[in-house]
Amino acid sequence: MSKAMQLFDSNALKECIKDAVREEMHVLISNLRNDSPKKEQTEERLKTKQEMAKELDISLVSLTDWMKKGRIPYRTMGKRVYFKKSEVIEAMSKSPNRQGGRHGK
């Protein structure tokens, strides 16, 4: 390969990289400008079974029982189970059979 061809290929590669980086930066900046603080506030982190049981002050056995009976909503990802606290609280507030937490509370 001639030196002129190597120089052209090297310069062309540099320009391609610059264009690609520039395009990605524009997309990133555009996404950052379009994200509103409200969106971040409304997004809710999913809770694991252990976290949800602790939040509700119940045992894992009770939580699993409530899931099986359809008292609380949940979602699965693979073999893992997750909850949105707001959905669980809403479902529990509509449930006619409300009981307190662990014994002694």
Side-chain angles (χ1 to χ4, degrees):
M1 193 182 302
S2 70
K3 186 161 181 114
M5 187 64 128
Q6 287 177 341
L7 183 60
F8 177 75
D9 289 341
S10 175
N11 287 337
L13 179 59
K14 286 178 185 177
E15 288 304 311
C16 283
I17 292 171
K18 283 181 186 178
D19 289 342
V21 169
R22 189 175 295 119
E23 185 177 332
E24 289 299 317
M25 291 300 291
H26 283 297
V27 169
L28 178 64
I29 291 168
S30 175
N31 287 342
L32 288 173
R33 286 181 181 159
N34 290 336
D35 280 349
S36 67
K38 291 179 184 177
K39 183 179 178 185
E40 288 178 16
Q41 291 173 355
T42 59
E43 287 184 15
E44 184 179 347
R45 187 177 81 77
L46 296 175
K47 299 199 177 279
T48 64
K49 284 178 77 170
Q50 290 80 8
E51 291 170 328
M52 198 72 244
K54 186 175 181 179
E55 286 275 338
L56 298 174
D57 195 25
I58 61 173
S59 70
L60 285 171
V61 173
S62 294
L63 183 69
T64 302
D65 185 51
W66 291 3
M67 289 167 53
K68 288 178 182 175
K69 291 179 179 177
R71 288 185 60 193
I72 57 173
Y74 63 94
R75 52 198 68 183
T76 58
M77 290 183 217
K79 293 183 178 183
R80 296 185 179 261
V81 176
Y82 295 97
F83 304 86
K84 273 194 172 182
K85 183 179 177 182
S86 59
E87 293 175 355
V88 171
I89 299 300
E90 182 180 344
M92 290 179 65
S93 68
K94 293 177 181 177
S95 175
N97 187 15
R98 283 183 262 164
Q99 296 178 357
R102 291 189 177 119
H103 299 287
K105 292 235 173 199

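Looking only at side-chain heavy atoms (C-beta outward), Thr64 and Lys49 come within less than 4.5 Å of each other. Residues Trp66 and Val88 form no side-chain contact, since every pair of their non-hydrogen atoms from C-beta on lies 4.5 Å or further apart.
Salt bridge annotation for Lys85-Glu90: absent, with no cationic side-chain nitrogen under 4.0 angstrom from a carboxylate oxygen.
Remark: of the listed residues Arg45, Lys84, Lys47, Lys47 is the sole one forming a salt bridge (Lys or Arg N to Asp or Glu O under 4.0 Å) with Glu55.
The distance from the CE atom of Met67 to the OG atom of Ser62 is 12.5 Å, given to the nearest 0.5 Å. Atom CD1 in Ile72 sits 7.5 Å away from atom CE in Met92 (nearest 0.5 Å). Separating the OH atom in Tyr74 from the CE atom in Met52 is a distance of 14.5 Å, to the nearest 0.5 Å. Atoms NZ and CG, on Lys68 and Leu63 in that order, are 11.0 Å from each other to the nearest 0.5 Å.
Between Ser86 and Glu44, the shortest heavy-atom distance links the atoms OG-OE1, 2.6 Å.
If you chain together hydrophobic residues whose side chains sit under 4.5 Å apart, Ile89 and Leu46 never meet in one group. One hydrophobic cluster, built from ILVMFWY side chains closer than 4.5 Å, cannot hold both Tyr82 and Leu56; they sit in different ones.
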Test side chain to side chain contact (heavy atoms under 4.5 Å, CB included) on Glu87 and Arg75 and set out the steps.
CA-CA 11 Å; Glu87 293 175 355; Arg75 52 198 68 183; 2.8 Å; yes
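Put simply, the side chain of Thr76 never gets that close to the backbone of Lys79: no donor and acceptor are under 3.5 Å apart.
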